[in-house]
Peer 1: 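Here it is, the structure in full.
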Amino acid sequence: MKDVFFIERDPYAPVRHCYTVSKVLYESKSEYQEIMVLETPEFGKLLVLDGVVQLDEKYEFMYHEFLAQVPMHAHPNPETVLIIGGGDGGTLREVLKHDCVKRAVLVDIDKEVIEVSKRFFPTLSSSFEDPRAIVINEDGYKYVQDCESEFDVIIVDSTDPVGFAHVLTTEEFFRFVHRALKEDGIFTAQTESIHYHLDMVVKIQKSLRKVFPIVDLFTSVVPIYAGYWWTYSIASKKHPVRQPAREVKVQTKIYSEEMHRYAFLPEGFYGRLIEGEFRL
Ligand code: SAM
C-alpha cells in the first residue's frame, strides 16, 4: 500500500510539517474552524484545526506540562484557575492534578473541539468530568472582561494568533486579564516560535510589561510545532516566577523543579532578545 501524507496548511510559519497518515478518523467544519483527527504510525492521533496540527498523542505532554505546570508552581496556592482555549483538555488535566485547585474554568469558543477531544483523545479530555471543572463556550476575550479579582492563575492555550485568537495577544486583553486576576495572580500564554515569530514574542512581552510588574519568558521543545523551540510568556503581579514556589508533588513526565528553572532563558540572553540586540 502507498503511504498517504498530510501536509500542514500553516499560513503563520515558514515551514510545513508533513505527516505519514494511516487513517482519517474525523473531518468536519464547525461554526469556527475545520476540525480533523488523523491517525499516524509515529505520533498517534493528531488534532488538526484549520489545517494546523494542534497536538499529537506522543509529545503533547512536552507542551501541556510546561504551559500549565510553570505558572501553577510559581503560585504558592492556586485555588481558582481560568483556561482560555485549550478545548482538547490537556491544560485542564495538568491544572487539576493540583489538589489545591477548587475551581478551574475552561473557556473555549468552539464546543465541537471539546466534543471531538472527548471522543478521540481520552488521555487529554479525562478531566472534563472532574467536579471542579466548569466548561464555558464563549470568546475568552469577552469572558475575561466581566471578571474582577477572581483567579489565581490564568492560562491562554489558544490557536495561532490569527482570526478570533488574535485578540488574545493584545495589550487591551492583558489589561482585562490583570483585572481578572487576584492581587497575587499569575498569567501565562503560549506565544509561538522563538525564531519564526520573534517579532510577535517581543511585542507581547513589551505589552505585558506595560501592564504587569514581573514579566518573563520560558521555553520548551515541542516536536510537532514549527521550529520546535516554543515560547510561553508569563506575567505576575507579585510572585517571582523563575523558581517553583512549592514542592513538585504532581505526577509529570518531563516537568520538575529543575526543568522549571531551566525553562527560563538566561537573563542576559533574554534581555538582548527582547531589546532587539540579538536575533535568532
Ligand atoms: N496547543 C495548541 C496550539 O498551540 O496549537 C492549542 C490547542 S487548543 C485546541 C486551541 C483552542 O483555542 C481551540 O480549541 C480554539 O477553539 C480556542 N480558541 C481560539 N481563540 C479563542 C478565543 N478567542 N476564545 C476562546 N477560545 C479560543
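In this text, all values refer to a predicted model and were calculated from it rather than measured experimentally. Every number for a ligand or one of its atoms is a count from 1 in the order of the listing.
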Peer 1: Do Y141 and H166 make the cut of ring centroids closer than 6.0 angstrom?
Peer 2: no
Peer 1: Which of the atoms in ligand 1, numbered in the order shown and given with their element, are less than 4.0 Å from a heavy-atom of V107?
Peer 2: 25 (C), 26 (N)
Peer 1: H64 near ligand 1, heavy-atom distance under 4.0 Å?
Peer 2: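 No; H64 lies far enough from ligand 1 that no heavy-atom distance drops under 4.0 Å.
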Peer 1: Using a 4.0 Å cut-off to any heavy atom of A165, which atoms of ligand 1 qualify?
Peer 2: 19 (C), 20 (N)
Peer 1: Looking at ligand 1, does Y143 have a heavy atom less than 4.0 Å from it?
Peer 2: no
Peer 1: Go through ligand 1 atom by atom and flag the ones less than 4.0 Å from a non-hydrogen atom of D110.
Peer 2: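 Reading through ligand 1 atom by atom, the close ones are 16 (O).
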Peer 1: Can you check which of Y141, Y225, F173, W230 brings a heavy atom nearest to atom 2 (C) of ligand 1?
Peer 2: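 Nearest option to atom 2 (C) of ligand 1, by heavy atoms: Y225.
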Peer 1: Within less than 4.0 angstrom of ligand 1, does F164 place any heavy atom?
Peer 2: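 Heavy atoms of F164 do come under 4.0 Å of ligand 1.
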Peer 1: Flag the pair R175 and E171 as a salt bridge only when some basic side-chain nitrogen lies within less than 4.0 angstrom of an acidic carboxylate oxygen.
Peer 2: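 A salt bridge is present here (some side-chain N lies under 4.0 Å from a carboxylate O).
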Peer 1: So that I can tick it off, tell me whether K203 and E192 are bridged by a salt bridge, with the cut-off set at under 4.0 angstrom between side-chain N and carboxylate O.
Peer 2: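 Salt bridge: no.
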Peer 1: Take every heavy atom of T159, measure it against each atom of ligand 1, and state whether any distance is under 4.0 Å.
Peer 2: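 Right, T159 reaches ligand 1.
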Peer 1: Is G140 in polar range of ligand 1, meaning some N or O pair under 3.5 Å apart?
Peer 2: yes
Peer 1: Does NZ or CZ of K253 fall inside the cone over F61's six-membered ring, less than 6.0 Å from its centre and within 45° of the axis?
Peer 2: yes
Peer 1: Can you pull out the closest protein heavy atom to atom 17 (C) of ligand 1? Residue, atom name and distance to 0.1 Å, please.
Peer 2: D108 OD2, 3.4 Å
Peer 1: Name the closest protein heavy atom to atom 5 (O) of ligand 1, giving the residue it belongs to and the distance to 0.1 Å.
Peer 2: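 Going by distance alone, atom 5 (O) of ligand 1 is nearest to Q54 OE1, 3.0 Å.
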Peer 1: Name the orientation class of the two ring planes belonging to W229 and H195 (parallel below 30°, tilted from 30 to 60°, perpendicular beyond 60°).
Peer 2: tilted
Peer 1: Salt-bridged, K182 to D152, with N to O below 4.0 Å?
Peer 2: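 Salt bridge flag = yes for D152 with K182.
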Peer 1: Can you check whether M72 reaches V81 side chain to side chain, under 4.5 Å on heavy atoms?
Peer 2: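 Yes, side chains in contact.
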Peer 1: Judging by distance only, is a nitrogen or oxygen of I109 under 3.5 angstrom from one on ligand 1?
Peer 2: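 N/O-N/O distance under 3.5 Å: yes.
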Peer 1: Please check if atom NZ in K97 has more than 12 non-hydrogen atoms from other residues, nucleotides or ligands closer than 6.0 Å.
Peer 2: yes
Peer 1: Under 6.0 Å between ring centres: does that hold for F264 and Y270?
Peer 2: no
Peer 1: Is I234 close to F218 at the side-chain level, that is, under 4.5 Å between some pair of heavy atoms?
Peer 2: yes
Peer 1: Under 3.5 Å between any N/O of D88 and any N/O of ligand 1: does that happen in this structure?
Peer 2: no
Peer 1: Looking at ligand 1, is there an atom of it that comes within less than 4.0 Å of some heavy atom belonging to E60?
Peer 2: no
Peer 1: Less than 4.5 Å apart, any side-chain heavy atom of D157 and any of H64?
Peer 2: yes
Peer 1: Output the list of atoms in ligand 1 that are nearer than 4.0 Å to some heavy atom of Q33, sorted by atom number.
Peer 2: 15 (C), 16 (O)
Peer 1: Should one rank D157, V162, V48, V156 by closest heavy-atom distance to atom 10 (C) of ligand 1, which comes out on top?
Peer 2: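 When every heavy atom of D157, V162, V48, V156 is considered, D157 comes closest to atom 10 (C) of ligand 1.
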Peer 1: Test of understanding: given a 4.0 Å heavy-atom threshold, classify the contact between Y63 and ligand 1 as side chain, backbone, both, or neither.
Peer 2: side chain
Peer 1: Pull out every atom of ligand 1 sitting under 4.0 Å from any heavy atom of Q190, numbered as shown with elements.
Peer 2: 4 (O)
